[in-house]
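Before any comments, here is the structure.
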Amino acid sequence: MKHKTIDKKYLILCLDRLTRFKHTNEKYERVFKDILHKCGLNSDNLEIAKEIFNNSLENFDKKNNEFLCNLLEQEEKNMFYQNRESERNFPINLNIYGAIKNVEENSDLPLNIKRLLMQEKNMDKNPIELRKKYSLLYPLEKIILTEGATEEILLSEFAKKMDLDFEKEGILVLGAGGKNQVARKYYKMIEEVKLPIFILLDEDATETKKIIEPKLRKKDKIYLIKSGEFEDIIPRKIIIGAINNLHKNDFQISEKDFNEELNTVKNLKEIYRINGFGDFQKADFAKEVKKFLCKNIEIKGELNDIIEYIKTI
């Protein structure tokens with residue numbers, strides 16, 4: 001099968017997908033089936049796809065590659081429960097070393113690729129030591145499952161203000177895509193994921209909490225925000241500053257623009273409506289808050305409590 005190869009850009013995409021946080025069998029099957037399809041092969045033989053992956057690479061170092069493959073294999077087994085089907089992916093007979101040598105180092109690389117580059121340069125260093133030193137996220141140690149994008153984008157940023165660096169401690173935040181998806185996501189995860197899971201829910205997600213609790217593992221924790229939604233526990237000063245920075249050429253807001261009878265999101269939707277600035281988008285708002293955050297902001301109240309609780313898991 002030496003005549004079948006794939007280009008460098010696609011190789012890096014494959015490496016990225018193979019090292020993301022997703023169950024072993026799910027991601028490996030997807031990547032290798034996609035390789036077969038891209039090469040125009042009507043086959044379900046994933047071993048052929050692995051051969052194509054390896055044939056597409058020039059660099060190979062047996063010792064270093066064995067180290068990287070063993071590292072990834074052990075991490076897969078530490079993160080996920082394996083079954084007979086997923087065990088077929090082991091040993092990982094892929095030229096991970098060769099794939100890394102095709103990566104152009106830049107700040108835009110995902111952390112799962114950055115850590116492989118760093119590990120390849122520091123074979124004698126413990127992966128956890130490298131993670132803590134360079135904020136590499138991997139290997140993972142715990143998962144935080146949230147309702148949506150705001151928490152996914154901002155929780156780690158606020159945690160840094162309290163000396164809890166998620167990327168140094170191996171804490172991954174996953175958004176479920178909405179309150180109604182959290183229980184479904186958690187049920188799937190407990191069948192696959194070995195790592196402790198912290199579930200963060202808005203105040204109105206009591207039914208979701210009830211659905212989850214009968215299946216909640218001893219090592220997992222669930223927290224219902226007492227003050228409403230996640231946006232309600234973000235300091236008002238930060239919210240105002242972020243909105244004013246985002247719309248500095250259109251309008252400026254202050255404390256007097258907020259109705260204390262409404263929650264934060266409803267207030268911001270109303271502010272956007274009154275100013276004729278279209279629909280308020282949570283994800284855009286979260287990204288702007290992330291950019292606005294400065295080192296001297298003090299985290300108080302329930303946001304502080306949540307982050308302190310995460311430290312104990």
N-O pairing of [X] and [Y] below 4.0 Å:
{"X": "Glu207", "Y": "Lys179", "value": "no"}
{"X": "Glu73", "Y": "Lys77", "value": "yes"}
{"X": "Asp16", "Y": "Arg20", "value": "yes"}

Kindly give the heavy-atom pair with the smallest separation between [X] and [Y], and that separation in Å.
{"X": "Glu147", "Y": "Ala205", "answer": "OE2-CB, 3.7 Å"}
{"X": "Arg131", "Y": "Pro139", "answer": "NH1-O, 2.6 Å"}
{"X": "Ala286", "Y": "Leu154", "answer": "O-CD2, 3.3 Å"}
{"X": "Val173", "Y": "Glu151", "answer": "CG1-O, 4.0 Å"}

* Trace of the side chain to side chain contact (heavy atoms under 4.5 Å, CB included) decision for Met123 with Leu68 -> CA-CA 9 Å; Met123 295 289 189; Leu68 291 169; 4.0 Å; yes
Does any part of the side chain of [Y], heavy atoms only, come nearer than 4.5 Å to the side chain of [X], both counted from C-beta?
{"X": "Lys62", "Y": "Glu66", "result": "yes"}
{"X": "Lys142", "Y": "Glu169", "result": "no"}
{"X": "Phe258", "Y": "Ile271", "result": "yes"}

* **Single hit among Ile52, Ile48, Leu18, Asn45 for side chain to side chain contact (heavy atoms under 4.5 Å, CB included) with Phe32** =>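 Checked Ile52, Ile48, Leu18, Asn45 against Phe32; only one passes side chain to side chain contact (heavy atoms under 4.5 Å, CB included): Leu18.
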* To do: Identify which one of Ile96, Leu136, Leu130, Asn64 satisfies the side chain to side chain contact (heavy atoms under 4.5 Å, CB included) criterion when paired with Gln119.
  =>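 Filter result, single survivor: Leu130.
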* To do: Specify whether Tyr272 and His247 have parallel, tilted or perpendicular ring planes, treating 30° as the upper limit for parallel and 60° as the lower limit for perpendicular.
  =>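 Perpendicular.
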In this structure, are over 12 heavy atoms from other groups packed under 6.0 Å from [X] atom [atom1]?
{"X": "Asp124", "atom1": "CG", "result": "yes"}
{"X": "Lys266", "atom1": "NZ", "result": "no"}
{"X": "Lys22", "atom1": "NZ", "result": "no"}

* Test side-chain contact (heavy atoms from CB on, under 4.5 Å) applied to Ile190 - qualifying residues, sequence neighbours left out ->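 Testing Ile190 for side-chain contact (heavy atoms from CB on, under 4.5 Å), a comparison that skips the adjacent residues, returns Tyr186, Lys215, Arg217, Asp220.
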* Of all residues at least two apart in sequence or in a different chain, which pass the salt bridge (Lys or Arg N to Asp or Glu O under 4.0 Å) check with Glu104? ->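 Residues passing salt bridge (Lys or Arg N to Asp or Glu O under 4.0 Å) with Glu104: Lys8.
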* To do: Could I get the full list of salt bridge (Lys or Arg N to Asp or Glu O under 4.0 Å) partners for Glu47, not counting sequence neighbours?
  =>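 With neighbours one apart ignored, the set is Lys50.
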* Is the backbone of Lys160 close enough, under 3.5 Å, to the side chain of Asp165 for a donor and an acceptor to pair up by distance? ->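 Not at all, since once roles are kept as given, no pair shorter than 3.5 Å links the two residues.
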Output side-chain donor-acceptor pairs under 3.5 Å for residues 304-313, partner residues at least two apart or in another chain, one line each.
| unit_1 | atom_1 | unit_2 | atom_2 | d |
| --- | --- | --- | --- | --- |
| Lys311 | NZ | Met162 | O | 3.1 |
| Thr312 | OG1 | Tyr309 | O | 2.6 |

* **Any residue meeting ring pair (Phe, Tyr, Trp, His ring centres under 6.0 Å) with Tyr138, in chain and number order, not counting sequence neighbours** =>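 So Tyr138 forms no ring pair (Phe, Tyr, Trp, His ring centres under 6.0 Å) with any residue.
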* Asked: Can you tell me how far the CG atom of Leu11 sits from the CG atom of Asn95, to the nearest 0.5 Å?
  ->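 So the gap between those two atoms works out to 9.5 Å.
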* Are Lys194 and Phe80 in a cation-pi contact, defined as NZ or CZ under 6.0 Å from the six-membered ring centre and within 45° of the axis? ->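 The answer is no, since Lys194 fails at least one limit relative to Phe80.
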For residues 230-244, which side-chain donor-acceptor pairs fall under 3.5 Å, sequence neighbours excluded?
| unit_1 | atom_1 | unit_2 | atom_2 | d |
| --- | --- | --- | --- | --- |
| Glu231 | OE2 | Thr150 | OG1 | 2.8 |
| Asp232 | OD1 | Thr264 | N | 2.7 |
| Asp232 | OD1 | Thr264 | OG1 | 2.9 |
| Asp232 | OD2 | Glu229 | N | 2.8 |
| Arg236 | NH1 | Glu255 | OE1 | 3.1 |
| Arg236 | NH1 | Glu260 | OE2 | 3.3 |
| Asn244 | OD1 | Ile253 | N | 2.6 |
| Asn244 | ND2 | Ile240 | O | 3.4 |
| Asn244 | ND2 | Ile253 | O | 3.0 |

* Centroid separation Phe280 to Phe285 less than 6.0 Å ->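 Aromatic pair counts; centres sit under 6.0 Å.
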* To do: Determine, step by step, whether Gln74 and Asn78 satisfy the side chain to side chain donor-acceptor pair (under 3.5 Å) criterion, reporting the C-alpha distance in whole Å, the side-chain angles of both residues, the deciding distance to 0.1 Å, and the verdict.
  => CA-CA 6 Å; Gln74 190 56 56; Asn78 288 342; 3.1 Å; yes
* **Audit row: Val103, Leu116, side chain to side chain contact (heavy atoms under 4.5 Å, CB included) steps and yes/no** => CA-CA 10 Å; Val103 176; Leu116 286 175; over 6 Å; no
